[in-house]
2 protein chains.
Amino acid sequence: MMQQKTEKENTSEKILTTAFECLSANGYANVSMRNIADGAGVALSQLAYYYRNKEKLFSEVINRMMDQYLNEIEATLKSTVDEKERITSLVRYFKDLNRNNPKLLRLFIDFTAQALWIPSFRQQLDHLFNAITEIIRKNLSGNAAAINKSLHGYSDKSIATLIFGALFGTSIQIILGSDQDSAFESLNLAENLLY
Amino acid sequence: MMQQKTEKENTSEKILTTAFECLSANGYANVSMRNIADGAGVALSQLAYYYRNKEKLFSEVINRMMDQYLNEIEATLKSTVDEKERITSLVRYFKDLNRNNPKLLRLFIDFTAQALWIPSFRQQLDHLFNAITEIIRKNLSGNAAAINKSLHGYSDKSIATLIFGALFGTSIQIILGSDQDSAFESLNLAENLLY
DNA sequence: TATTTGTTCGGACGTCCGTTCTAATTATAT
DNA sequence: ATATAATTAGAACGGACGTCCGAACAAATA
């Protein structure tokens, strides 16, 4: 029946959104399956029923976030007509993330650390890194030329990796540092440098 | 007596070095006090005797590393006579870390994630971030001038934060990515960009 | 030697964890 | 209505965890 099917989707979905909230607020190691079950208002065994185990559940949370935000990034870039401004708008997207969505950044930083020790997470994160740097690489256009004017022999991929590294590394300092405003200025600096 | 004092230092020291090995190999969440006690060949209760609890023990491990490597960095920079080369040699130091001391980088990445949830770790990491960016800031000399030739209004601190962010973020990609060599090229690129 | 002080040890406590199992309930199909 | 499958709830399992305690031991003092 329709009713039952939507109920089911609601249950699995509620688990997933609750898992995101718990994980982004407390981190993978500090969140138990019981926390999530209680938060979602479902029985503990439901988590295993829909997602098998904790690792797969977290993996699914990350997958959702990856899909959503990679699409957002691509959409943002496509809507930027001036090619030279595309990298700039990407930096702006990162600034928005820091300002308005620190939960997501915390989730990804925590996931990054987990990926050090859990092979399946590592593979998933590698995919994310490649997707992001590939997006950057495709939108370098003018920037790469400017860089290669003075330096030679560096691939677009290396440039993209460095740019993403700067954005990611600076975001970590913003999230964790004591004077976040000062660190945030570094993203403004990055935006101007890349224009 | 002398004998007894060195014995004591040996025990506490053995715990500390074993803790470093365990933590850099498996991460804070995956290492138990029993693992460390077994690895060091001492009784479990010795860990509490010398370091009170797990959090303090890890904190002490990090403190040691901070002292050691901050000193190494300062020494490296002081031995670089040409002022314009100092940032370059700092990037080289980071490259060495990626090549020869991935254990340490893993430890710091894991510690960074823990700092998201544990206040005392966060404070400690903030201190480390400030120390590193301050070192970079003091040694900018020519670089800042070059940047400020085209851009105005950005403090040396912002520049230093961005540089460290780039080094840290790129290192994370090197440690976790599947093609590490390609990511490593980004550090070479950073070195050339900053010269 | 007797006493005090600093170490070391093994073990136990209570708690929380992820996972699994069984029984009950509900929906679907015959 | 009855049988079959899907879904739910709750309890229980075995294990690992950080922490704590009291006894045993060694060293230093006097």
> Is there a donor-acceptor pair under 3.5 Å between the side chain of A:N35 and the backbone N or O of A:V31?
Replying inline: no
> How would you label the contact of B:S32 with the nucleic acid (heavy atoms, under 4.0 Å): base, sugar-phosphate, or nothing?
Replying inline: sugar-phosphate
> Heavy atoms under 4.0 Å, any strand shown: does A:L47 hit a base, just sugar-phosphate, or nothing?
Replying inline: nothing
> Are A:E55 and A:S120 close enough, and set up right, to give a side-chain hydrogen bond (donor to acceptor under 3.5 Å, both in side chains), and what steps lead you there?
Replying inline: CA-CA 9 Å; A:E55 189 177 317; A:S120 68; 2.7 Å; yes
>> With a 4.0 Å limit, can you tell me whether B:T11 has a side-chain N or O closer than that to the phosphate oxygens OP1/OP2 of C:dT8?
In response: yes
>> Please confirm whether the shortest side-chain N or O distance from B:Y50 to OP1 or OP2 of C:dT8 is below 4.0 Å.
In response: yes
Once you round it to whole Å, what is the distance between [atom2] of [N] and [atom1] of [X]?
X     : N      : atom1 : atom2 : answer
A:R34 : C:dT19 : CZ    : P     : 11 Å
A:I36 : C:dT19 : CD1   : C1'   : 14 Å
A:Q46 : C:dC21 : CD    : P     : 17 Å
A:Y51 : C:dT19 : OH    : P     : 15 Å

> With a 4.0 Å cut-off, would you call B:E60 and B:R52 a salt bridge?
Replying inline: no
> Any side-chain donor paired with an acceptor under 3.5 Å for B:S155 and A:E185?
Replying inline: no
> If every non-hydrogen atom of B:L116 is compared with every non-hydrogen atom of B:R122, which pair is closest and at what distance?
Replying inline: O-NH1, 4.2 Å
Counting side-chain heavy atoms from CB outward, which of [options] is closest to [X]?
X     : options                : value
B:M33 : C:dT7, D:dG18, D:dT7   : D:dG18
A:A48 : C:dT19, C:dT20, D:dT19 : C:dT20
B:L44 : C:dT19, D:dC17, C:dA12 : C:dA12
B:S45 : D:dA9, C:dC9, C:dT19   : C:dC9

>> Below 4.0 angstrom, which residues in residues 16-26 of chain A have at least one non-hydrogen atom near DNA chain C?
In response: none
>> Listing request: all ring-ring contact (aromatic ring centres under 6.0 Å, His included) pairs with a residue in residues 52-85 of chain B, at least two apart in sequence or in separate chains.
In response: B:Y28-B:F58, B:F58-B:F111, B:F58-B:F121
>> Between A:L107 and A:I62, is there a side-chain heavy-atom distance shorter than 4.5 Å?
In response: yes
